[in-house]
Amino acid sequence: GGQGGSVVTHGAVASFARKEDREADAELQAQALYKVDVAMLTHLGELAQRFMADGEVVLAALEVLVHYAAQGDQRALVDSGALDVIAAAMKQHSKGSGRRGREIQWRGCSLAGRLALRSDALKAELGRRLVVDQVLECFARCPNDRPVQQQAIWAIHYCCSHSATKARLLGKQTASLEGEAPQKRPLVRLLAVLLVSKPQELRLLEQKATAAAKALAAQEAGRLNKPKTPKARAPSAAARPVKPKGRSVTPEQKEEAVRAGICRDLVLPVDMQFMMSQEELKAFLKPPKVKAK
């Protein structure tokens, strides 16, 4: 009996030792792959920086980063400085780059959004490396390019789920709403452009909302007052539909119509729609004048 227990004990010890060896081997393998990835991404970044003026080279580098961003080591992305390539490429090819520049802007926004979705650490790093700032500027660079602007919106939305990045872009850490220059608060400027309508746009959207409410009232009135006689027989005079009364549009419906009208071309996430109130955005666009002493 004692000999059998000894055999079992030795077997358990040997199994535990083999498990420790496997874990050590896996850790060594992970460290080796990390070093390889850092070396590869560092070399990629150096090549992209050296040939930054060549749109083909930059686009190829961004394509490699897109594939690596899907399942690659997040530490390697941060430690190699590969994220700097995104901001540098979008800045270098911001104007006068033609179709290739447009592809770089689109790819940079898409890559920033994918990385931000992976972890909070990458969201923070995208903010520190000013990648999200280039995405914000990209929205203004491409005023008539809806696909690029939509990619920029998604990337900004994902990056701003990081509290520090959101606070920096909104400017809440530095000054009050009226006391900050517009160029120092790019996210507020973007929200104001998207969500604050001009007076003529507001009137048009109000008219559309009122017309839709009246059409709905007419439809409901026609359904409720529909004669119950067979279709073959003509309706009696008593069965005439009641004339619908005009419905007043509440302020909430009016604001919702404005937001829906602005977002008819761009899909704007709800978090961004209600990140700031209309009053705050209007105050940002038209700060109160300070009288000179």
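Under the 4.5 Å side-chain criterion, counting only non-hydrogen atoms from C-beta, R50 is in contact with L47. In this structure, H93 and R100 have side chains that are not in contact, with every pair of non-hydrogen atoms separated by 4.5 Å or more. Inter-residue side-chain proximity for K123 and C159 is flagged as unmet; no heavy-atom pair is nearer than 4.5 Å. Put simply, the side chain of L41 reaches to within 4.5 Å of the side chain of L65, judged on heavy atoms.
Under the 3.5 Å distance criterion, the side-chain polar atoms of Y68 are matched with a main-chain donor or acceptor of D73. With hydrogens and angles disregarded, a donor-acceptor distance shorter than 3.5 Å links the side chain of E280 to the backbone of S277. Between the R107 side chain and the A60 main chain, no donor and acceptor come within less than 3.5 Å of each other. Between the side chain of Q273 and the backbone N or O of L268, at least one donor-acceptor pair lies under 3.5 Å. For R128 (side chain) and T165 (main-chain N/O), no donor-acceptor pair under 3.5 Å exists by modelled atom type. A donor-acceptor pair is defined here as one N or O able to donate and one able to accept, closer than 3.5 Å; such a pair exists between the side chain of Q105 and the backbone of M90. Although no hydrogens or angles enter the test, the distance criterion places a donor-acceptor pair under 3.5 Å between the side chain of S80 and the main chain of A76.
Across every non-hydrogen atom of C160 and K166, the tightest pair is O-CB, 3.4 Å. Nearest heavy-atom pair across Q150 and V267 is OE1-N, 2.7 Å. Of all the heavy atoms in V135 and A155, the pair that sits closest is CG1-CB, 4.0 Å. The heavy-atom pair separating A112 from V131 by the smallest distance is CB-CG1, 4.0 Å.
Under a hydrophobic-cluster definition in which Ile, Leu, Val, Met, Phe, Trp and Tyr are linked whenever side-chain heavy atoms come within less than 4.5 Å, directly or via other members, L130 and L170 are assigned to different clusters. Connection of V148 to I153 is not established within any shared hydrophobic cluster, with ILVMFWY side chains joined at heavy-atom distances below 4.5 Å, either directly or through further cluster members. L169 and F284 end up in the same hydrophobic cluster when Ile, Leu, Val, Met, Phe, Trp and Tyr side chains are linked at under 4.5 Å. In the hydrophobic clustering of ILVMFWY residues, with side-chain heavy atoms under 4.5 Å counting as a link, V66 and L83 come out together.
Note on ring orientation: taking the six-membered ring where Trp is involved, the planes of Y158 and W154 are parallel (angle under 30°, cut-offs 30° and 60°).
Rounding to the nearest 0.5 Å places SG of C138 at 14.5 Å from NZ of K91.
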- Start with the C-alpha distance between E103 and R99, add both sets of side-chain angles, then the distance that settles salt bridge (charged side-chain N to carboxylate O under 4.0 Å, His left out), and finish with yes or no. CA-CA 6 Å; E103 293 178 2; R99 182 179 61 86; 2.6 Å; yes
- Query: Under the side chain to side chain contact (heavy atoms under 4.5 Å, CB included) criterion, do Q92 and I104 qualify, and how do the steps go?
  - Reply: CA-CA 10 Å; Q92 175 74 25; I104 290 174; over 6 Å; no
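Enclosure of atom CD in Q71 is not indicated, since only 12 or fewer non-hydrogen atoms of other residues, nucleotides or ligands lie within 6.0 angstrom.
Remark: the R141 side chain and the Q149 side chain contain no N/O donor-acceptor pair separated by less than 3.5 Å.
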